[in-house]
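All values below come from the heavy atoms of this structure, side chains included, with hydrogens, waters and symmetry mates left out. Quick caveat: nothing in here was measured; it's all calculated off a predicted structure.
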Protein chains: 2
Amino acid sequence: MIPARVPQTSEPVVSGERFAVTYRIRGDEQEALAKAQDICVEQTVEFPASLVPKGLIRESVVGRIETFAPDGAAAFRVVISYAEETAAGELTQLINVIFGNISLKPGIRVEELDLPNSLLKTFKGPRFGVSGLRERWGVWDRPLMCTALKPMGLSSIDLAEMAYQFALGGTDLIKDDHGLSNQPFAPFEERVARCSQAIERANRETGQRSQYWVNITADGSQLHRRARLAKEAGAGALMLAPALIGYGAVRALADDDTLALPIVGHPTFQGSLVTHPENGISHQVLFGQLARLAGIDVSIFPNFGGRFSFSLHECKNIIRGTRAPMGQIKPIFPGPGGGMSLSSVTEMRGVYGKDVIFLIGGGLFQHGPDLVENCRFFRRLVESGG
Amino acid sequence: MIPARVPQTSEPVVSGERFAVTYRIRGDEQEALAKAQDICVEQTVEFPASLVPKGLIRESVVGRIETFAPDGAAAFRVVISYAEETAAGELTQLINVIFGNISLKPGIRVEELDLPNSLLKTFKGPRFGVSGLRERWGVWDRPLMCTALKPMGLSSIDLAEMAYQFALGGTDLIKDDHGLSNQPFAPFEERVARCSQAIERANRETGQRSQYWVNITADGSQLHRRARLAKEAGAGALMLAPALIGYGAVRALADDDTLALPIVGHPTFQGSLVTHPENGISHQVLFGQLARLAGIDVSIFPNFGGRFSFSLHECKNIIRGTRAPMGQIKPIFPGPGGGMSLSSVTEMRGVYGKDVIFLIGGGLFQHGPDLVENCRFFRRLVESGG
């Protein structure tokens with residue numbers, strides 16, 4: 001059967017600049033090679049390979065296998081490059097090329113991104129990054145401490161009292177729990193105003209500068225409304241869940257010069273992308289490289305040894321992703337949390353070094369009966385080098 | 001050690017309305033029960049259970065195990081209910097409660113949602129749904145046929161020529177490939193204008209009403225700009241990838257009365273949520289129930305037997321999700337695609353019935369040398385009942 005011809009009267013113009021994605025592909029050599037060839041097609045032209053017009057579409061728009069090498073007994077490590085133009089300068093479309101339709105095929109995992117400077121320049125990346133945040137906060141030589149306002153169900157008045165106590169205890173960073181949105185228990189506008197005022201009051205009393213991180217994750221235009229409200233209330237940062245609102249929306253908020261606030265990324269709903277070792281996206285890409293492309297300044301993730309499943313190795317992989325060179329895209333703070341206690345700070349300091357934000361929520365209540373004193377103890381721990 | 005007390009001066013007000021999520025939890029009875037109890041806490045108060053204030057927070061805000069029953073040899077099927085207020089009337093926050101942080105813990109899968117009418121009423125759902133789209137399209141008694149403009153790399157002129165041929169052949173629905181965004185090969189505005197005009201020209205010649213579905217998936221405010229441009233160009237629907245832009249953004253576009261266009265959901269980047277049988281979200285929830293809450297009218301997914309990994313059973317599960325009663329939220333069209341050929345239409349018709357949109361892309365080129373004739377053949381297939 002002779003197939004129909006694709007109507008083509010001109011060739012695409014390509015710069016020759018390409019970005020590369022390292023995939024881990026499960027299978028023996030034949031299977032893995034077939035999967036790699038499939039990725040080249042599926043992520044770009046999505047068209048039967050034999051029908052792709054000869055010329056530049058076939059040569060340059062279709063992905064290209066750059067290297068192909070065994071990775072353990074039953075998998076291969078494959079670098080595939082794509083024409084920079086396929087990403088159209090967009091983060092959503094870049095992710096779509098990296099791991100769009102092939103997310104629906106098992107046994108493929110994105111391990112690492114290697115983006116040319118020409119592509120990196122189309123992204124502003126984090127506005128602050130590690131050095132910008134340190135300058136903003138005036139804290140140069142130690143890790144930072146963060147805790148969370150919760151449980152959901154408390155009133156704005158009670159959350160504000162808690163925020164006051166956290167700030168009085170010298171907590172650097174006080175974040176909304178990621179589940180606080182606009183519940184009737186503590187409506188967004190009221191909660192943000194009260195908590196912000198409570199922290200300011202404590203700051204006046206202590207002479208310190210506790211910051212309030214406001215969770216603005218929401219539907220559609222509410223996202224922008226809450227960003228403005230948070231800014232007006234004096235928020236120290238905007239917290240967002242990229243898996244719920246999309247990386248493109250995070251990027252837009254990070255790039256917004258009228259906001260000009262640090263962006264904190266929360267890992268909720270992202271688990272399916274990283275918990276299976278043979279599918280999805282590596283920890284360093286998801287919590288490091290993609291976070292930085294989206295303009296995230298602080299990347300929160302579940303610490304090893306807490307109540308989640310991340311291993312020490314995976315957390316080290318995240319550290320790498322937050323710091324690895326990416327052209328002009330700044331390094332960012334890892335923010336390990338999730339069931340941590342004060343007794344783990346010393347060990348964490350050994351793993352993360354000083355450029356880290358320790359996130360201890362419920363565990364802060366368990367140290368002793370006085371919440372303010374517990375915060376002071378946490379502060380002394382991070383000041384004394386763990 | 002006596003822990004610090006949570007400051008609480010008032011009790012939350014809860015209506016008593018609750019929504020229920022059925023989870024499949026891996027493990028023996030003891031493990032599964034511990035995981036279920038953990039879900040109740042993690043997805044709501046995210047606070048050490050023993051420190052959660054007694055009273056309504058503990059009784060009503062914390063999730064509640066409603067039923068707990070074995071599901072095969074090494075798993076349990078557990079229904080957990082949550083106070084309606086935890087979702088704050090937001091889709092992002094509803095998803096956050098259903099499967100937020102626990103996505104980061106292995107062995108938990110969302111199987112089904114059961115939402116009370118009080119909660120369903122806060123969502124408009126699909127503007128058209130199956131009956132609204134049939135009325136809009138004037139096609140009552142048969143499945144619909146859809147094909148895609150590709151490969152990426154073609155110019156706008158060439159894509160428009162292809163669109164013209166598709167429409168001349170009587171193709172009901174002509175969609176952008178999900179990888180076409182704003183590449184320099186065929187910039188968004190030019191592509192949409194040219195393809196739209198080409199389809200209108202063919203419609204005048206045939207007297208038929210082929211519709212153009214425009215992919216508007218993009219970063220931040222570009223999303224809304226492209227929605228407007230597509231509307232102005234006469235788009236028949238807006239195509240969006242929920243995993244890339246977030247369900248809350250999809251909802252906002254679906255609810256926008258100034259657009260008032262059908263919404264088509266594309267599964268790119270969603271794979272990690274469904275490909276692992278022990279983690280993530282079931283097919284019926286992801287491509288059915290959540291899609292409908294977001295206002296999606298047509299839910300595209302990989303058909304069984306194509307080049308992706310979905311099974312017949314999983315596709316039947318999706319059909320169920322697109323049609324199952326959900327209060328005033330309308331049933332929607334399933335849109336199976338992904339490596340389908342014309343020879344599979346009859347079998348698909350048997351599985352999906354008449355309320356289905358068959359999506360055949362590259363396969364349409366392989367039937368014979370004349371693309372217009374191939375489309376006519378496809379049309380006769382769907383008209384003749386498969």
Side-chain angles (χ1 to χ4, degrees), chain A residues 2-4 7-10 12 44-48 51 57 61 85 88 90-93 96 100-101 103-104 106 150-153 155 158 161-162 177 181-185 217 219-220 244-246 248-249 251-252 268-269 271-273 275-276 279-280 302 308-309 362 365-366 369 371 374, chain B residues 2-4 7-10 12 44-48 51-52 57 61 85 88 90-93 96 100-101 103-104 106 150-153 155 158 161-162 177 181-185 217 219-220 244-246 248-249 251-252 268-269 271-273 275-276 279-280 302 308-309 362 365-366 369 371:
Chain A
I2 299 167
Q8 192 189 14
T9 58
S10 66
T44 54
V45 293
E46 208 194 326
F47 206 68
L51 303 186
I57 295 185
V61 176
E85 289 81 4
E90 291 164 4
L91 188 51
T92 38
Q93 175 57 15
N96 198 25
N101 270 6
S103 73
L104 293 149
K150 54 187 174 182
M152 185 197 293
S155 68
D158 292 332
E161 170 58 24
M162 191 182 280
D177 191 35
S181 67
N182 188 34
Q183 285 90 359
F185 318 133
T217 301
D219 289 4
L244 291 173
I245 68 161
R251 182 192 181 191
T268 185
F269 198 54
S272 302
L273 283 166
T275 48
H276 197 289
N279 298 314
F308 293 91
S309 61
F365 285 76
Q366 289 169 313
L371 188 55
N374 293 357
Chain B
I2 299 168
Q8 191 189 15
T9 57
S10 66
T44 55
V45 293
E46 209 196 326
F47 206 67
L51 302 186
V52 174
I57 293 184
V61 176
E85 289 81 3
E90 290 164 4
L91 188 51
T92 38
Q93 176 58 15
N96 197 24
N101 269 6
S103 73
L104 294 150
K150 54 186 173 182
M152 185 196 293
S155 69
D158 293 331
E161 169 58 23
M162 190 182 281
D177 191 35
S181 67
N182 188 34
Q183 285 90 358
F185 317 134
T217 302
D219 289 3
L244 290 173
I245 68 161
R251 182 192 182 192
T268 184
F269 198 53
S272 302
L273 283 165
T275 48
H276 197 288
N279 297 313
F308 292 90
S309 60
F365 285 77
Q366 288 168 313
L371 188 55

Heavy-atom distances under 4.5 Å only: say whether B:Pro7 touches chain A with side chain, backbone, both or neither. both
Looking at A:Pro151, A:Pro302, A:Ala249, A:Ser309, which has the largest count of heavy-atom pairs under 4.5 Å with chain B? A:Pro151
Can you measure from CG (A:Leu273) to CG (B:Leu273) and round to the nearest 0.5 angstrom? 6.5 Å
Turns out that what part of A:Leu371 lies under 4.5 Å from chain B's heavy atoms comes down to both
What residue in B:Pro184, B:Gly248, B:Ala4 has the most heavy-atom pairs under 4.5 Å with chain A? B:Ala4
Note: vs chain B, highest number of non-hydrogen pairs under 4.5 angstrom among A:Val45, A:Thr9, A:Thr92 is A:Thr92
Would you say A:Phe308 and B:Asn101 make side-chain contact, with heavy atoms under 4.5 Å? yes
Report the C-alpha distance between A:Thr217 and B:Asn96 in whole Å, list the side-chain angles of each, state the deciding distance to 0.1 Å, and finish with yes or no for side-chain contact (heavy atoms from CB on, under 4.5 Å). CA-CA 10 Å; A:Thr217 301; B:Asn96 197 24; over 6 Å; no
Taking every non-hydrogen pair under 4.5 Å, which of B:Ala252, B:Gly246, B:Ser272 racks up the most with chain A? B:Ser272
Exercise: identify the closest heavy-atom pair between B:Gln183 and A:Glu85: CG-O, 3.1 Å
Under 4.5 Å to a heavy atom of chain B? For A:Asn374 that would be side chain
Might you work through the side-chain contact (heavy atoms from CB on, under 4.5 Å) test for A:Phe185 and B:Val61, ending with a clear yes or no? CA-CA 10 Å; A:Phe185 318 133; B:Val61 176; 4.0 Å; yes
Taking every heavy-atom pair that is under 4.5 Å apart, which of B:Thr268, B:Asn182, B:Ile245 has the most such pairs with chain A? B:Thr268
Name the member of A:Gly153, A:Ser10, A:Pro106, A:Gly280 that forms the most heavy-atom pairs with chain B at distances under 4.5 Å. A:Gly153
Which pair of non-hydrogen atoms, one from A:Gln366 and one from B:Pro48, has the smallest distance, and what is that distance? NE2-CB, 3.8 Å
What closest approach, in Å, do A:Asp219 and B:Leu91 show between heavy atoms, and which atom pair accounts for it? OD2-N, 2.8 Å
Residues which pass side-chain contact (heavy atoms from CB on, under 4.5 Å) with B:Gln8, listed by chain and number, not counting sequence neighbours: A:Leu154, A:Asp158, B:Glu11, B:Pro12, B:Pro53, B:Ile57
